[in-house]
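Heads up, the thing below is written out as structure tokens.
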Amino acid sequence: TIAFVKQYTQLKGDLADKIIGGSIAIDPSVLADPDVGPRMAGVVSGSSTNEDSTTPEYTQYVETLTNSWPDSGDELIVPVGKGLFGANWANGAEAIAQALESVNGDLSDGGKAFREALLQIGADGFESVEGPITLDENRNAIGNNYIIQATQQDDGTIVNKTLDTISDVDESFGDNFTASTPT
């Protein structure tokens with residue numbers, strides 16, 4: 001993404017009036033790049049992550065992430081963690097932790113009870129750092145998606161602002177894609 005943005009902006013200028021990005025295009029790690037972030041201001045995207053969330057789960061996640069590397073000197077650790085990749089890993093880890101706790105860490109019999117616990121957590125759903133998540137019969141996630149925009153703050157940093165929330169997005173994207181829909 002960073003290489004694309006740098007090359008595209010060399011040819012065409014800033015991107016806000018030219019593209020609608022995918023979820024990776026305006027990931028916080030991209031926006032944190034001092035050469036790329038300002039060029040992305042105004043770009044709109046869709047994502048399963050909303051970095052301006054104020055839910056207790058997300059707030060605690062970001063606080064833990066920030067406090068875990070206070071002296072790292074790596075300015076990308078927190079932006080990467082706050083974005084799509086870090087948040088999705090956190091969601092998976094949360095489901096695994098809940099399942100392990102429910103079976104008291106028992107992974108005997110090939111992890112049968114653990115796998116059943118994971119399926120139950122998926123069926124019941126849980127509050128993830130990205131909002132509520134459940135699994136459908138194909139074990140695909142059903143959760144919120146967000147329309148976000150890369151926005152320049154007063155201090156010059158570029159962050160994503162949530163413009164809209166679409167709840168309970170499933171694998172069919174609201175029946176727009178089904179088994180009978182052409183490829």
Of the non-hydrogen atoms in [X] and [Y], which two are nearest, and what is the gap between them?
X: Ser29; Y: Asp27; answer: OG-OD2, 2.7 Å
X: Ala99; Y: Phe114; answer: CB-CE1, 3.6 Å
X: Val129; Y: Ala90; answer: CG2-CB, 4.3 Å
X: Ala150; Y: Ile26; answer: N-CD1, 3.8 Å
X: Gly131; Y: Asn144; answer: CA-ND2, 4.3 Å
X: Ser47; Y: Ile148; answer: CB-CD1, 3.8 Å

Measure the [atom1]-[atom2] distance between [X] and [Y] for me, rounded to the nearest 0.5 Å.
X: Asn145; Y: Asp170; atom1: CG; atom2: CG; result: 10.5 Å
X: Asn140; Y: Glu171; atom1: CG; atom2: CD; result: 4.5 Å
X: Asn160; Y: Glu51; atom1: CG; atom2: CD; result: 4.0 Å

We want to know whether [X] and [Y] form a side-chain donor-acceptor pair, criterion being a heavy-atom distance below 3.5 angstrom.
X: Ser180; Y: Thr178; result: yes
X: Gln98; Y: Ser102; result: no
X: Glu130; Y: Asn50; result: no
X: Thr162; Y: Asp52; result: yes

Are Ile96 and Leu107 connected, step by step, through hydrophobic side chains (Ile, Leu, Val, Met, Phe, Trp, Tyr) whose heavy atoms are closer than 4.5 Å? yes

Ile166 and Val44: same hydrophobic cluster, using ILVMFWY side-chain contacts below 4.5 Å? yes

Would you say that more than 12 heavy atoms from the other residues, nucleotides or ligands in this model lie under 6.0 Å from the CG of Asp154, or not? no

Crowding at CD, Glu101 (>12 non-hydrogen neighbours, <6.0 Å): no

With a 4.5 Å limit on heavy-atom distance, are the side chains of [X] and [Y] in contact?
X: Ile121; Y: Phe126; answer: yes
X: Ile24; Y: Leu84; answer: yes
X: Lys112; Y: Glu116; answer: yes

Evaluate Ile133 against Ile142 for side chain to side chain contact (heavy atoms under 4.5 Å, CB included), listing each step before the verdict. CA-CA 6 Å; Ile133 293 178; Ile142 300 170; over 6 Å; no

Donor-acceptor check, side chain of Asp33 to backbone of Val36, threshold 3.5 angstrom: yes or no? yes

Do side-chain atoms of Arg139 reach the backbone of Gly122 as a donor and acceptor pair under 3.5 angstrom? no

With Gln152 via side chain to side chain contact (heavy atoms under 4.5 Å, CB included) - residues at least two apart: Ile158

Under 30°, 30 to 60°, or over 60°: which ring-plane class applies to Phe177 and Phe173, parallel, tilted or perpendicular? perpendicular

Please lay out, stage by stage, how Thr64 and Gln60 fare under the test side-chain hydrogen bond (donor to acceptor under 3.5 Å, both in side chains). CA-CA 6 Å; Thr64 301; Gln60 179 63 46; 2.9 Å; yes

